[in-house]
Amino acid sequence: MAASPTNDAGLRVSLEVEIPSDVAYIERVVELIRHPCAELAYNAHQLALNVPVALSEAISNAILRANNEDPGKRVFVRADVDALRLVVDVQDEGEPFDIDDNIRDATDPDNIEREDGRGLFLMRALMDRVERFDANGAPAGNVVRLILTRA
Amino acid sequence: MAASPTNDAGLRVSLEVEIPSDVAYIERVVELIRHPCAELAYNAHQLALNVPVALSEAISNAILRANNEDPGKRVFVRADVDALRLVVDVQDEGEPFDIDDNIRDATDPDNIEREDGRGLFLMRALMDRVERFDANGAPAGNVVRLILTRA
Amino acid sequence: MSFTIKKEGEIVVVDVEGQLIVGNRQELKQKVLDELERGEKKFLIDFAQTGYIDSSGLGVLVSLSKKIREQGGELRLANLNDDLKTLFELTKLDTLFQISDTRDRALASF
Amino acid sequence: MSFTIKKEGEIVVVDVEGQLIVGNRQELKQKVLDELERGEKKFLIDFAQTGYIDSSGLGVLVSLSKKIREQGGELRLANLNDDLKTLFELTKLDTLFQISDTRDRALASF
Ligand SMILES: Nc1ncnc2c1ncn2[C@@H]1O[C@H](COP(=O)(O)OP(=O)(O)O)[C@@H](O)[C@H]1O
Ligand SMILES: Nc1ncnc2c1ncn2[C@@H]1O[C@H](COP(=O)(O)OP(=O)(O)O)[C@@H](O)[C@H]1O
């Protein structure tokens, strides 16, 4: 169902998804968050590129880098979507990491043939802002926040 | 994208939607809540009948019966969905009403040609449980809770 | 959501595309009443392309059926899928309406 | 999500249906490496039916391209939609791969 733009202004959606540390869940979490963005008439490129790719990167880092696929650890994804912007928090149960220490230019000739290391680069390229802070409250962990203004 | 049943067990989705008291929003709220149920592989009849109809009834009562379409009043819809069940709370800003006082048999010959009065009847027929309680905290209002076990 | 009206011989056929719910039922009501006022007597509503119907959608069908009968006309329904059939059975509205499985059968039944 | 492999003449053509992401990239890698081991040299990956690709999907393409080159073979890509093109441009991977607009053009380019 297409969103009717005249009614967007009043609609505000919050979504929380909790998953085990298993990459098999990523695609569905992406779908769950993309859907309200589609209802709110986010632009086709944001729906097909920015949102799914950046989200998939943040969730897979939480599962693989922070939680080390530990089946006892979980990933919490919270999204707030309205007609202005999408804010997604991806929370893991891992050790703190320094996001500013991880600014690698994936397009540098030295890096271009690397298999890994494009995750944060893509999040930064595809979102308006990418931040990291400590989860407040149990369980401890990182929160990676992605912010995208609706286009 | 179809849900993969092997992975359902770990997935838990909470959704909150806030809308103005305008029936034009109902269809989109229904869609927003139906989508995670579809991701969690709820059965086709629940997705096409039970969920949308019961939800649409509860939201339209909140808008029309409780909030009287007052543009200053809002409706809050919270849904928790997992592989076991869907719980939806529809909260209005209206005066308390007695849900047990509103048990009209819509199929009674005296009622069958009435234009209205099938809302609560359908919610009860299509959900496993329908409850009403006072919203706790501001704003005051009714919460109508719908519970459906996944089939 | 939209309602498409066309004439098949002397029968007014309405296709309900999408939902029939509180947000759009007045539009359906008005369209059918306009035809009734123009002197039309035979009405078929086809639900082949319908999603879900809520209680106020059902209410509009009930009240249209009454108004049409009062003018000596007839309202018939066609193409309810399994879920819509269940809805009509739950509310016993399947006893109030004449419902056909296909549009052709409904058209032939007048 | 699935990967379909077929031969067109002496070219191994892989269709990526759905996403190419961390959850399934190993499957693509293994399928292509199996063909490489069997002695195949010319590979075309067709993205006409692809949704999105994440960094680990891109990583697999980079590493496959290296492995194929090491065996004296060639990997080409076809049918990137606008959003996938943007993804390759952002990462400058459009400079690393030979990319054709259509499958036929890609097949003819070997
Ligand atoms: N949620 C996280 N928890 C711990 N470390 C992280 C997290 N996200 C990213 N990192 C660190 O930042 C590095 C760079 O991440 P990224 O750019 O996504 O590339 P990749 O994951 O392919 O190495 C990771 O290798 C890891 O050391
Ligand atoms: N959220 C609500 N706030 C106040 N009254 C309500 C609410 N929901 C239901 N009611 C009361 O219950 C009655 C029956 O509701 P329902 O069965 O949905 O039929 P209808 O809305 O068509 O009258 C309503 O007319 C109204 O008086």
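Proteins come first, then strands; the chains are lettered A, B, ... in the order of their sequence lines, and each starts at number 1.
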(request) For residues Glu31(A) and His35(B), report the shortest heavy-atom separation together with the two atoms involved. (result) O-CE1, 3.3 Å
(request) Provide the closest heavy-atom pair for Leu11(A) versus Arg28(B) in the form atom of the first, atom of the second, distance. (result) CD2-NH1, 4.0 Å
(message) Please identify, among Ile19(B), Val17(B), Asp80(B), the residue contributing the most non-hydrogen atom pairs under 4.5 Å to chain A.
(response)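 Looking at each option in turn, the highest pair count goes to Val17(B).
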With a cut-off of 6.0 Å (strictly less than), are more than 12 heavy atoms of other residues, nucleotides or ligands near [atom1] of [X]?
X: Asn136(B); atom1: CG; value: no
X: Arg114(A); atom1: CZ; value: yes
X: Arg132(A); atom1: CZ; value: yes

(message) Let me confirm one number: the CZ-CD distance from Arg78(B) to Glu16(A), rounded to the nearest 0.5 Å.
(response)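 Nearest 0.5 Å value for the CZ-CD distance: 12.0 Å.
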(message) For the CZ atom of Phe76(B) and the CZ atom of Arg12(A), what is their distance to the nearest 0.5 Å?
(response)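 That separation rounds to 10.0 Å.
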(message) As a test of understanding, state which of Val13(B), Leu15(B), Leu40(B) forms a side-chain contact (heavy atoms from CB on, under 4.5 Å) with Leu32(A).
(response)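 Filter result, single survivor: Val13(B).
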